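What follows is a set of notes on a single structure, which appears directly below.
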Amino acid sequence: QRLKDKMGNRANASGEVEFVSAWGRLVGDEGRGVTTIIEMVNYTRLDCAIAAAGLMRQALVQAAHHAVHRKAFGKRLVEQPLMRNVLADLALESQAATLLAMRLASAFDDRVADERERAFARIATAIAKFWLCKRAPIHVGEALECLGGNGYVEESLMPRLYREAPLYSIWEGSGNVICLDVLRALGKEPGTAEALIHELRSALGKDTRLDAHLVQTEAELRQSLKHDLKDGRGDLEGQSQARRLTESLALALQGALMAQHGSADAAEVFIASRLGGNHGQTFGTLPVGANISSILEPVLEGLERP
């Protein structure tokens, strides 16, 4: 009928279509449409998770580059203590997002030969898709602010990233749909819970605060399994808490990955801020004593050049 007048993502044209007396061919078994399409949807949900992580990384680099070259009050922005806290916080979020997206991609690679990886990919796809796509708009918005008024100008690239960021929470299932899919996977595919627990337990012993969060998350997961999940959605109470459970699982996975694959300083501050409660409600509230220089070093490398 027409091309949609979208807020962003304009280079990827979307159309409104109408099918009248259209010819079609049955794909899969009749009445099993969702089951048939879910395989494709899982791949595109992986795309959304990776895209969200990529947007965060791009926004971080834009903010860091501006901070390196912009001066205010006699110093470059990157030398200002509060800006450094903001940039380091953004860097932590980006690193954790990248690790989660890459761990999920690895499970997709191995899932044919490894049943546990297949089960992990099934549940982690929904978890990563929900969490990373929710965090991207907040992250990009903060990165835009690092550029000040210049970030609000179209030539800066940031407005395009800002308009793009919310899309991935909508594509391939909005937040509620994805979180109910977490319950569906837990209810209909019992191996998914065990695969998650195995993944989380692999990081036990790395940090006492992480251990406490992992133990609590496993308890929440097992409690959710006690709800009637046979219909793939759970009871009303279970449904109402689906976002809370999914968020807890996402943070547990990110904490475990940071502890195993991040630098010691980055893992310490991520766990203290995201899991230990030593963080405010906005970016730039990392705790006193955080090794911000160590966190920023890999981000700032090479940005000094014109």
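Here the structure is a predicted model, which is why all the values come from computation and not from measurement.
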Would you call [X] and [Y] a salt bridge, taking side-chain N to carboxylate O under 4.0 Å as the test?
X	Y	answer
Arg122	Glu189	yes
Arg116	Glu199	no
Asp211	Lys206	no
Glu164	Arg160	no
Glu18	Arg2	no
Glu247	Arg244	no

Practice task
Please lay out, stage by stage, how Leu3 and Ser14 fare under the test side-chain contact (heavy atoms from CB on, under 4.5 Å).
Solution key: CA-CA 6 Å; Leu3 289 179; Ser14 299; over 6 Å; no
Practice task
Not counting sequence neighbours, which residues clear salt bridge (charged side-chain N to carboxylate O under 4.0 Å, His left out) with Arg274? List them please.
Solution key: Asp89, Glu93
Between [X] (side chain only) and [Y] (backbone N and O only), is there a donor and an acceptor less than 3.5 Å apart?
X	Y	answer
Thr192	Ile123	no
Thr217	His213	yes
Gln260	Ala256	yes
Thr44	Met40	yes
Glu79	Arg76	yes
Ser106	Met102	no
Lys129	Ala124	no
Asp181	Arg184	no
Ser94	Leu90	no

Exercise for the section: Starting from the C-alpha separation in whole Å, work towards a yes-or-no answer on side-chain contact (heavy atoms from CB on, under 4.5 Å) for Phe120 and Asp114. Expected result: CA-CA 10 Å; Phe120 178 78; Asp114 189 325; over 6 Å; no
Practice task
Check the pair Arg201, Ile197 against side-chain contact (heavy atoms from CB on, under 4.5 Å), reporting the backbone distance first and the verdict last.
Solution key: CA-CA 6 Å; Arg201 286 181 177 177; Ile197 292 170; 3.4 Å; yes
Practice task
Decide whether Tyr168 and Glu172 meet the rule of one side-chain donor and one side-chain acceptor closer than 3.5 Å.
Solution key: no
Practice task
Compute whether any side-chain donor of one residue and acceptor of the other, for Asn150 and Arg70, lie under 3.5 angstrom apart.
Solution key: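 No pair is found: no donor N or O on one side chain lies under 3.5 Å from an acceptor on the other.
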Which pair of non-hydrogen atoms, one from [X] and one from [Y], has the smallest distance, and what is that distance?
X	Y	answer
Ile295	Ala266	CG1-CA, 4.2 Å
Pro159	Leu144	N-CD1, 4.4 Å
Leu221	Ala193	CD2-O, 4.0 Å
Ala97	Gln254	N-NE2, 3.5 Å
Ala49	Leu132	O-CD1, 3.6 Å

How about [X]: does its [atom1] atom have over 12 heavy atoms from other parts shown lying under 6.0 Å from it?
X	atom1	answer
Lys6	NZ	yes
Ile37	CD1	no
Asn12	CG	yes
Glu145	CD	no

Handout entry: Ring centre gap for Tyr162 and Tyr152 strictly below 6.0 Å
Key = no
Problem - Selection residues 253-293 - residue pairs positive for ring-ring contact (aromatic ring centres under 6.0 Å, His included), sequence neighbours left out - result: His139-Phe283
Under 4.5 Å between side-chain heavy atoms, hopping through other hydrophobics if needed: is there a path connecting [X] to [Y]?
X	Y	result
Ile170	Val41	no
Leu99	Leu210	yes
Val140	Val299	no
Leu104	Ile127	no
Leu46	Val182	no

Using residues 55-62 as the side-chain source, report each donor-acceptor pair under 3.5 Å to any protein atom, sequence neighbours left out, with the distance given to one decimal.
none

Problem - Check against side-chain contact (heavy atoms from CB on, under 4.5 Å), Arg84 and Leu296 - result: CA-CA 8 Å; Arg84 291 177 65 80; Leu296 285 179; 4.1 Å; yes
Please examine the side chains of [Y] and [X], heavy atoms only from C-beta on, and report whether any two atoms are closer than 4.5 Å.
X	Y	answer
Ile292	Leu87	no
Arg243	Asn176	yes
Glu268	Ser263	no
Leu157	Leu161	yes
Val78	Met83	no
Arg209	Leu275	no
Asn278	Ser273	no
Leu196	Leu253	yes

Practice task
Supply the atom-to-atom distance Leu186 CG to Arg222 CZ, rounded to the nearest 0.5 angstrom.
Solution key: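 If I round to the nearest 0.5 Å, the distance is 11.5 Å.
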Practice task
Measure the spacing between OG1 of Thr98 and CG of Leu257 and express it to the nearest 0.5 Å.
Solution key: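 The OG1 atom of Thr98 sits 11.0 Å away from the CG atom of Leu257.
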Practice task
Classify the angle between the aromatic ring planes of His65 and His69 as parallel (below 30°), tilted (30 to 60°) or perpendicular (above 60°).
Solution key: tilted
